[in-house]
Amino acid sequence: MAQTSDLKQSPLHDRHAALGAKFAEFGGWSMPLEYSSGVVKEHTAVRESVGIFDVSHLGKAMVTGPGAAAFVNATLSNDLAKIRPGKAQYTLCCDDATGGIVDDLIAYYQDDEHVLLVPNAANTAEVVRRLEAEAPEGVQVIDHHDDYAVLAVQGTKSDEVLSRVGLPVGHEYMSFVEAEFGASGGPGVVVCRTGYTGERGYELIAANDIAGELWDQLLAAGAEFGMLACGLGSRDTLRTEMGYPLHGQDITVDVTPNEAGLGWAVGWKKETFWGRDRLVAEKESGPKRKLRGLIAVDRGIPRPGMSVTLVADVPLCDITSGTFSPTLRKGIGMALVPTMVNPDAELGVDIRGRREIFALTKLPFVDPSVREA
């Protein structure tokens, strides 16, 4: 792990410290893992009311110039032609030779000459490098990783909180609008109907110099709804309950979209995107493993790296994500399970030398509320 002095910090770092945050390394950044309320209370606040996260470690890269959207569409997996300007799209940057997932990211389609990409922190430089290497003349890929903060307001009361600070709400899922922030009509905030929790919510992209004021106003506005500042620990339990894959664990450059159950994020009818030939062939033949959910039959709590067995002492695969589900009050996990295994099978997970039984299940583990009107 990198030394603390080597880690980047969010523009809100001092505010998190003042709130008693415990920090951990995420993709080269020092970010809040949890606050004094703890992971379970923070998780529950999002599921039942509202929480606010600082996710400024996420990357921000602008692809700009004549044909920028067409270039993005010819490289990343999903099909921008399926959406219109003002909409966002989940997509994948795949390796052209292997089809493996270099990163999963959100593309914000502003217009034909401007597409904002939000990759994962640890992969931003590599995604930018690959795009820069292939960019045609006139198209620029500009890395804004350190220039903007990203705040996520997530939960059933997220609309009420944003309304209190004068930001727009109620727009369509996976759409975004730019709005003025502050009494003086200051710099714009991009208000996105996106998130990583499975609940209704918004992600706000703002310049660093207004991030503190935005955070303060949102926290104050959320007080009447019991809003909690939430760390990345609860973000992980929330996304795991939703079966959302995490790059570096559930998906890597050694895992393809077909294996990860992400074929829906691939524009199969497009003539070109990185990894197309390899992925089309694999889709036709069928992947040899698939990302599946596992739920504890008894009291076991799985953790990444724990061995999964079909019968005792015969390893099958490893847990890629695992945690205690505060919503279900059970241990849950994900693993890349060979497709020859019966989808209704019960498997063993080696938890500190004890074989605990888990049932395979379809993802997500809990019903999503992310699309609610």
Side-chain angles (χ1 to χ4, degrees), residues 1-43 45-46 50-61 103-106 117-127 143-155 190 192 194-199 201-216 218-219 222 227-240 242 244-251 303-304 321 323 326:
M1 180 177 289
Q3 297 295 317
T4 302
S5 59
D6 297 332
L7 299 177
K8 294 182 179 181
Q9 293 184 352
S10 158
L12 302 171
H13 185 88
D14 291 346
R15 282 172 166 81
H16 301 316
L19 288 172
K22 296 178 182 177
F23 293 93
E25 190 266 342
F26 291 88
W29 290 62
S30 175
M31 298 298 294
L33 177 66
E34 62 178 308
Y35 299 85
S36 57
S37 47
V39 169
V40 172
K41 286 185 178 179
E42 293 167 20
H43 177 112
V46 173
V50 63
I52 182 171
F53 302 79
D54 179 5
V55 288
S56 298
H57 63 308
L58 294 176
K60 307 99 194 169
D103 197 26
D104 64 332
L105 58 161
I106 302 291
L117 303 178
V118 178
N120 287 289
N123 301 327
T124 298
E126 180 62 14
V127 170
D143 190 346
H144 290 295
H145 199 164
D146 300 338
D147 301 331
Y148 292 88
V150 184
L151 308 183
V153 179
Q154 301 281 300
V190 180
C192 317
T194 52
Y196 195 49
T197 66
E199 294 296 334
Y202 299 83
E203 292 178 311
L204 314 175
I205 304 173
N208 286 344
D209 59 0
I210 64 168
E213 182 184 357
L214 180 60
W215 172 270
D216 293 345
L218 289 167
L219 266 185
M227 182 167 77
L228 292 181
C230 299
L232 299 186
S234 58
R235 189 169 181 259
D236 191 61
T237 57
L238 289 157
R239 70 92 192 165
T240 303
M242 291 309 305
Y244 292 158
L246 176 64
H247 199 280
Q249 291 185 195
D250 311 294
I251 53 178
R303 301 296 182 189
S321 284
T323 191

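Nothing here was measured: the structure is a model prediction, and the numbers come from that model.
From Met227, atom CE reaches atom CG of Leu219 across 5.0 Å, with rounding to the nearest 0.5 Å. Of the inter-residue distances, the one linking Asp104 atom CG with Leu246 atom CG reads 8.0 Å to the nearest 0.5 angstrom. In this structure, Ser10 OG and Phe23 CZ are separated by 8.5 Å, a value rounded to the nearest 0.5 Å. With rounding to the nearest 0.5 Å, the separation of CG in Asp216 from CZ in Arg15 is 4.0 Å. For the atom pair Asp146 CG and Asn208 CG, the distance stands at 8.0 Å (nearest 0.5 Å). Within the model, atoms CD of Glu25 and OG of Ser30 stand 9.0 Å from one another, a figure rounded to the nearest 0.5 Å.
Heavy-atom minimum distance, Asn120 versus His247: ND2-CB, 3.9 Å. When all heavy atoms of Ser37 and Ala229 are compared, the closest pair comes out as OG-O, 4.4 Å. Between Gly231 and Phe53, the shortest heavy-atom contact is O-CE2, 3.5 Å. In plain terms, the two heavy atoms of Pro32 and Ala21 that are nearest each other are CB-CB, 4.0 Å. The two residues Thr197 and Met242 come nearest to each other via the heavy atoms O-CG, 3.4 Å. Leu105 and Pro119 get closest at one heavy-atom pair: CB-CA, 3.6 Å.
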Could you walk me through whether Leu151 and Leu12 pass side-chain contact (heavy atoms from CB on, under 4.5 Å), step by step? CA-CA 10 Å; Leu151 308 183; Leu12 302 171; 3.4 Å; yes

Using the side-chain contact (heavy atoms from CB on, under 4.5 Å) rule, take Cys230 and Val46 through it: C-alpha gap first, then chi angles, then the decisive distance, then the call. CA-CA 9 Å; Cys230 299; Val46 173; 4.0 Å; yes

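Shown are Val55, Val150, Ile52, Leu214; of these, the side-chain contact (heavy atoms from CB on, under 4.5 Å) with Leu204 is made only by Leu214.
Note: Trp215 and His16 have perpendicular aromatic rings, judged against thresholds of 30 and 60 degrees for the angle between ring planes.
By the 4.5 Å heavy-atom criterion applied to side chains, Arg303 and Thr323 are counted as neighbours. Under the 4.5 Å side-chain criterion, counting only non-hydrogen atoms from C-beta, His57 is in contact with Leu232. The shortest side-chain heavy-atom distance between Phe26 and Leu7 does not fall under the 4.5 Å cut-off.
With hydrogens and angles disregarded, a donor-acceptor distance shorter than 3.5 Å links the side chain of Arg239 to the backbone of Tyr244. In this structure, the side chain of Glu42 does not engage the main chain of Glu34 through any donor-acceptor pair within 3.5 Å.
Ring centers of His145 and Trp29: under 6.0 Å apart, within the cut-off.
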